There are 2 protein chains.
Amino acid sequence: MTSSRTAAGTATPRGRRAGRTSGDEREQAILGTAERLLEQRAFTDISIDDLARGAGISRPTFYFYFPSKDAVLLTLLDRVVEEADADAGDLLDRLAEDPRARWRELIDRFHRTFGGHRAVVAACAQVRGTNAEVRRLWAAVMERWVQAIEAAIEAERRRGAAPAGPPARDLAIALNSMNERVWYATFAGDGPSVAERDVVDVLLDVWLAAIYR
Amino acid sequence: MTSSRTAAGTATPRGRRAGRTSGDEREQAILGTAERLLEQRAFTDISIDDLARGAGISRPTFYFYFPSKDAVLLTLLDRVVEEADADAGDLLDRLAEDPRARWRELIDRFHRTFGGHRAVVAACAQVRGTNAEVRRLWAAVMERWVQAIEAAIEAERRRGAAPAGPPARDLAIALNSMNERVWYATFAGDGPSVAERDVVDVLLDVWLAAIYR
DNA sequence: ATTGCCGTCGACAGGGTGTTGACGCACGTC
DNA sequence: GACGTGCGTCAACACCCTGTCGACGGCAAT
């Protein structure tokens, strides 16, 4: 789960050229306002005007910094993803050592990072349907999990410790889909959710049965 | 998965009183236009005016039949859910007989019914974030799957054929989350998706490992 | 001082939603 | 066969929100 530097930065040209002026503070102000507002109301109920006023600028000026409301959210998500990457550290490369403990730690950290930005995650869940950029970035995050799981499955199969079963990637996708949905339910409060403290245990149980049986 | 009669009908008062006139045709025309249009463009890109014109009425008249664009989609989803219920038949009650075959058949039928209305499912996936009614109806559908899985787990545990593991309901939720996500990917084309013909096999494999191991 | 560009905003255009008020037309009623 | 009653219908209106255009002030380099 290390290094991504995705979307937003390059995908959506920001408008401001080489910025060394105080313009950067404004951008941060907008971002800050957005996350603060998102803790109070839904993304849909926040207008560009709200964001602009919150940052102490007018609506047209907002467009100088971001091309749209969605771009703000995308940047916010980008920041969270980076944070998660940093938190995950090199744990991924040391999975083989002690699978159960490592997986648990990895999931735990992911949980902690994203749990610290519920408002952002919830907003992303909300616009996921309509915003392809958000969907793509989220898909990229998930893809890394899928690959990690796939690698674990293959390693296990090479060791001869697990039966063949379905193609490793398909199985990995299915297993990760479980995470994804459960995380959504947990972070965005969307759908039936298991008691939070038990989430990791349940996920692990199913994983281990499917991968390491 | 039998009988639901949820939302839409009662939750959203339609506006027309006791209708025996041709008003019902209009309602059907709107519904038909909606599903047809959804096969061409995204829900968001369809305006109420499009729906109205497609049904041969004016925009204000549309409001006579439905309180909003979302209500139309909800009714559409309602119809699909009813169809799925009918298709599932009594299969649910006969799960114990031959779990693997029954589960497979159940999942297959679900797949077939919803696959026949991809446009509607995709639209629901799109507004799921913003529309609580759609979310609720979908959650109700999923809840029935969760309960079925939970029952299977408990039956299996009572038989002493499977180890204790996590609480049956939590496990059921986790397993069903997998279905849900995979279905979304398959029907709505959102997210990484395994080859369609293999979906059922992969799901079943993980299930069986977790439930019947 | 002049030029140029960054940052800023007032004002406009456009497109969508939901509501209001009035108008016909098909009834059942006496 | 006039007469309400209420369904079905729509033109027009009031809003709200988004995105763009043109103008204007100021700091920086020339």
Side-chain angles (χ1 to χ4, degrees), chain A residues 12-34 37-38 41-75 123 126-127 129-134, chain B residues 11-34 37-38 40-75 123 126-127 129-134:
Chain A
T12 315
R14 211 48 59 71
R16 192 172 29 67
R17 326 279 172 263
R20 72 236 175 276
T21 16
S22 68
D24 212 48
E25 294 169 25
R26 289 278 145 87
E27 193 169 318
Q28 292 306 316
I30 294 175
L31 256 9
T33 304
L37 251 37
L38 278 177
R41 19 185 178 134
F43 184 71
T44 323
D45 297 336
I46 298 172
S47 73
I48 290 183
D49 205 46
D50 294 331
L51 259 26
R53 293 201 176 285
I57 55 179
S58 74
R59 207 167 52 79
T61 301
F62 166 93
Y63 285 100
F64 184 81
Y65 293 100
F66 293 93
S68 69
K69 203 174 59 162
D70 282 18
V72 176
L73 182 57
L74 192 62
T75 306
Q126 200 173 93
V127 303
T130 44
N131 186 320
E133 309 263 10
V134 166
Chain B
T12 315
R14 211 47 59 72
R16 192 172 29 69
R17 326 282 171 262
R20 70 235 174 277
T21 14
S22 67
D24 211 47
E25 294 169 25
R26 287 282 142 88
E27 193 169 319
Q28 292 307 317
I30 295 175
L31 257 7
T33 304
L37 252 36
L38 278 176
Q40 297 164 11
R41 22 188 174 131
F43 183 72
T44 323
D45 297 337
I46 297 172
S47 73
I48 290 183
D49 204 44
D50 295 331
L51 259 27
R53 294 200 175 284
I57 55 178
S58 74
R59 208 166 52 79
T61 300
F62 167 91
Y63 286 101
F64 184 81
Y65 293 99
F66 293 93
S68 69
K69 201 173 59 163
D70 282 19
V72 176
L73 181 58
L74 193 62
T75 305
Q126 199 173 95
V127 304
T130 43
N131 187 319
E133 309 264 10
V134 166

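Chain letters run A, B, ... following the sequence lines, proteins first and then strands; every chain starts at 1. Everything quoted here is computed from the prediction, not taken from an experiment.
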Figure out the [atom1]/[atom2] separation between [X] and [N], and round it to whole Å.
X	N	atom1	atom2	result
A/Tyr65	D/dG19	OH	C1'	18 Å
B/Phe64	C/dG21	CZ	C1'	16 Å
B/Ile48	C/dG15	CD1	P	17 Å
A/Phe66	D/dT18	CZ	C1'	17 Å
B/Asp49	C/dG18	CG	P	13 Å
A/Ile30	C/dG7	CD1	C1'	12 Å
B/Glu25	D/dC7	CD	P	18 Å
A/Arg53	D/dC17	CZ	P	11 Å

Candidate nucleotides [options], ranked by approach to the side chain of [X] - the nearest:
X	options	value
A/Ser47	C/dG18, D/dT18, D/dC10	D/dT18
B/Pro60	C/dG7, C/dG18, C/dT20	C/dT20
A/Arg59	C/dG7, C/dC12, D/dA12	C/dC12
B/Tyr63	D/dG19, C/dG7, C/dT19	C/dT19

Any non-hydrogen side-chain atom of [X] less than 4.5 Å from a side-chain atom of [Y]?
X	Y	result
B/Leu73	B/Leu38	yes
B/Ile48	B/Tyr63	yes
A/Phe66	A/Leu31	yes
A/Thr130	B/Phe43	no

(request) Give a yes/no answer on whether the side chain of B/Thr61 brings an N or O atom under 4.0 Å of OP1 or OP2 in D/dG8. (result)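 For D/dG8, neither OP1 nor OP2 has a side-chain N or O of B/Thr61 closer than 4.0 Å.
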(message) If the test is side-chain contact (heavy atoms from CB on, under 4.5 Å), which one of B/Leu51, B/Asp50, B/Asp49 qualifies with B/Arg53?
(response) B/Asp49
(message) Within the 4.0 Å heavy-atom criterion, would you say B/Ser58 contacts the bases, only the backbone, or no part of the nucleic acid?
(response)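 Result for B/Ser58 = base.
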